> 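Mind having a look at this structure? Questions to follow.
Keep in mind the model is a prediction, meaning the values are calculated, not measured.
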Amino acid sequence: MQKLIVGNWKMNGTSADIPAIGKIVQAAGGHKSVDSGLCLPATLIERAASEFPGFAIGGQDCHAAEKGAHTGCVSAGMLKDAGAGMVIVGHSERRSDQGESDADVQGKARAARGAGLDVIICVGETEAERDAGKAEDIVLGQIDASVPDDLGTGGLAIAYEPVWAIGTGRVPSGGDVAAMHDAIRKRLIERLGQGGTQVRILYGGSMNGGNAAELLAIPNVDGGLIGGASLSADKFEPILAAAARP
Ligand code: PEP
């Protein structure tokens with residue numbers, strides 16, 4: 001399966017950062033065996049999509065409804081209209097900051113696929129949940145409740161992002177990543193049938209140029225969702241290079 005490396009810019013970036021995006025687009029062009037893209041703040045999507053046609057631009061969230069009285073929210077169709085080809089849903093920062101439930105995330109994923117966007121559904125345990133030995137139960141529970149089972153598997157990816165690894169510089173052991181990705185794969189196949197073998201499972205949480213090769217070599221790690229190290233080509237390119245290695 002071709003690896004997928006997606007940057008999540010979170011609440012970073014203004015029009016002054018278009019040249020930085022351009023450098024990332026250029027770096028991605030040097031690694032054509034890797035699928036890559038950037039999920040940008042909604043305010044930058046249209047500009048980036050028109051400046052860099054052919055490069056995958058995405059959003060970081062969408063509303064479950066098509067339109068209506070939801071002040072400040074953005075629908076999946078609006079992201080698509082602005083030039084996005086994908087969207088992240090259920091990021092742990094939204095689950096904690098905005099109190100999004102698994103049911104909310106499922107609704108957003110459904111709306112995204114309905115609008116023709118690829119969707120990356122994020123799951124992951126907190127440190128307390130891992131310490132209590134509950135990591136796998138929590139993550140598989142999120143898969144069961146967040147992933148719609150009636151939409152097909154095309155355009156669907158899962159990002160396993162331990163909450164305690166995001167932005168902290170801490171990364172689970174290779175064995176723990178392997179065990180979780182295996183468990184997610186098994187659950188996807190149980191729920192979605194053979195199509196579950198084709199869903200890319202990304203690892204996210206402090207991936208960088210120094211640890212990407214090791215993480216991406218783990219079976220069932222089909223790519224990465226990258227926060228801090230996606231903000232500049234200098235940091236993002238080594239991850240793309242690691243993903244390009246056979
Ligand atoms: C993320 O927030 O999706 C993420 C993986 O962040 P970081 O790479 O900065 O840990």
Side-chain angles (χ1 to χ4, degrees), residues 4-22 24-25 28 35-123 142 145-159 161 166 199-200 202 204 223 225-227 230-231 236:
L4 172 63
I5 302 291
V6 175
N8 170 16
W9 269 34
K10 311 193 185 194
M11 199 171 72
N12 296 293
T14 65
S15 54
D17 296 294
I18 292 292
I21 296 170
I24 288 171
V25 173
D35 290 332
S36 60
L38 287 181
C39 290
L40 296 172
T43 47
L44 273 183
I45 290 173
E46 185 153 22
R47 174 96 188 262
S50 66
E51 296 251 359
F52 309 113
F55 182 73
I57 300 290
Q60 301 169 11
D61 176 54
C62 64
H63 199 280
E66 251 176 64
K67 59 180 176 176
H70 303 289
T71 303
C73 297
V74 176
S75 73
M78 290 170 181
L79 293 177
K80 174 98 178 164
D81 181 55
M86 65 180 156
V87 64
I88 297 168
V89 298
H91 191 282
S92 61
E93 287 156 13
R94 292 202 60 87
R95 289 178 185 262
S96 64
D97 294 358
Q98 274 77 32
E100 290 182 2
S101 67
D102 287 327
D104 294 331
V105 175
Q106 181 171 149
K108 288 165 185 264
R110 195 177 290 284
R113 294 299 300 128
L117 295 176
D118 288 353
V119 63
I120 300 172
I121 301 177
C122 300
V123 295
Q142 289 173 334
S146 307
V147 178
D149 55 11
D150 56 351
L151 292 183
T153 53
L156 171 66
I158 304 296
E161 300 204 298
I166 293 180
V199 175
R200 285 190 280 206
L202 315 182
L225 183 57
I226 322 295
S230 71
L231 291 171
F236 199 52

> Show the nearest heavy-atom pair for residues Ala159 and Ile120, with the distance to one decimal.
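Heavy atoms only, the tightest pair is CB-CG2, 3.8 Å.
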
> Can you check whether Glu161 reaches His91 side chain to side chain, under 4.5 Å on heavy atoms?
yes

> In Å, rounded to the nearest 0.5 Å, how long is the span from CG of Leu79 to CD1 of Ile57?
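Output value for this atom pair is 12.0 Å.
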
> To the nearest 0.5 angstrom, please state how far the CD1 atom of Ile158 sits from the OG atom of Ser146.
8.0 Å

> Taking Arg113 for the side chain and Gly154 for the main chain, is one N or O donor matched with an acceptor at less than 3.5 Å?
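Pair found, side chain donor or acceptor close to backbone of Gly154.
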
> So which heavy atom on Gly13 is nearest to which on Leu44, and how close?
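Nearest pair, atom of Gly13 first, then Leu44: C-CD1, 3.6 Å.
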
> What is the distance from atom SG of Cys62 to atom CD1 of Ile88, rounded to the nearest 0.5 Å?
11.0 Å

> Please report the shortest heavy-atom distance between Ala28 and Phe55, naming the atom on each side.
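Result for this residue pair: CB-CE1, 3.7 Å.
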
> Can you tell if the side chain of Leu40 reaches within under 4.5 Å of the side chain of Arg47, non-hydrogen atoms only?
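Not touching, per the 4.5 Å side-chain cut-off.
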
> Sub-3.5 Å donor-acceptor pair from the side chain of Trp9 to the main-chain atoms of Ser230, do we have one?
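A pair under 3.5 Å: yes.
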
> Taking all heavy atoms of Ser92 and all of Ile166, pick out the closest pair and write down the distance.
OG-CD1, 3.3 Å

> Can you tell me how far apart CD1 (Ile24) and CG (Leu231) are? Round to the nearest 0.5 Å.
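Answer rounded to 0.5 Å: 7.0 Å.
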
> Quick one: are Ile121 and Pro148 in side-chain contact, heavy atoms under 4.5 Å?
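Yes, at least one pair of side-chain atoms sits under 4.5 Å.
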
> Of all the heavy-atom pairs spanning Ala145 and Gln106, show the shortest one and how long it is.
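That would be O-NE2, 2.9 Å.
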
> Any side-chain heavy-atom pair from Val199 and Val147 closer than 4.5 angstrom?
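No. Closest side-chain heavy atoms not under 4.5 Å.
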
> Enter the distance from Ile5:CD1 to Leu38:CG here, rounded to the nearest 0.5 Å.
12.0 Å

> May I ask you to check whether over 12 heavy atoms, not counting those of Glu51, lie within 6.0 Å of atom CD?
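Correct, the count exceeds 12.
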
> Distance from Ser75 atom OG to Lys80 atom NZ, nearest 0.5 Å?
12.5 Å

> Checking Asp104 against Arg95 for the salt bridge (charged side-chain N to carboxylate O under 4.0 Å, His left out) test, could you report, in this order, the C-alpha distance in whole Å, the side-chain angles of both residues, the deciding distance, and whether it holds?
CA-CA 9 Å; Asp104 294 331; Arg95 289 178 185 262; over 6 Å; no

> Take Asp102 and Val123, measure what side chain to side chain contact (heavy atoms under 4.5 Å, CB included) needs, and give me the verdict at the end.
CA-CA 9 Å; Asp102 287 327; Val123 295; over 6 Å; no

> Is any side-chain heavy atom of Asp61 closer than 4.5 Å to one of Glu100?
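When only atoms from C-beta onward are counted, Asp61 and Glu100 do touch, with a gap below 4.5 Å.
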
> Taking Gln60 for the side chain and Lys10 for the main chain, is one N or O donor matched with an acceptor at less than 3.5 Å?
yes

> Between Arg200 and Asp35, does the salt bridge (charged side-chain N to carboxylate O under 4.0 Å, His left out) criterion hold? Intermediate values first, please.
CA-CA 11 Å; Arg200 285 190 280 206; Asp35 290 332; 2.8 Å; yes

> For the residue pair Gly77 and Ala115, what are the closest heavy atoms and their distance?
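Scanning both residues, the minimum pair turns out to be N-CB, 3.8 Å.
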
> Are the side chains of Leu156 and Leu151 in contact, using a 4.5 Å heavy-atom criterion?
no

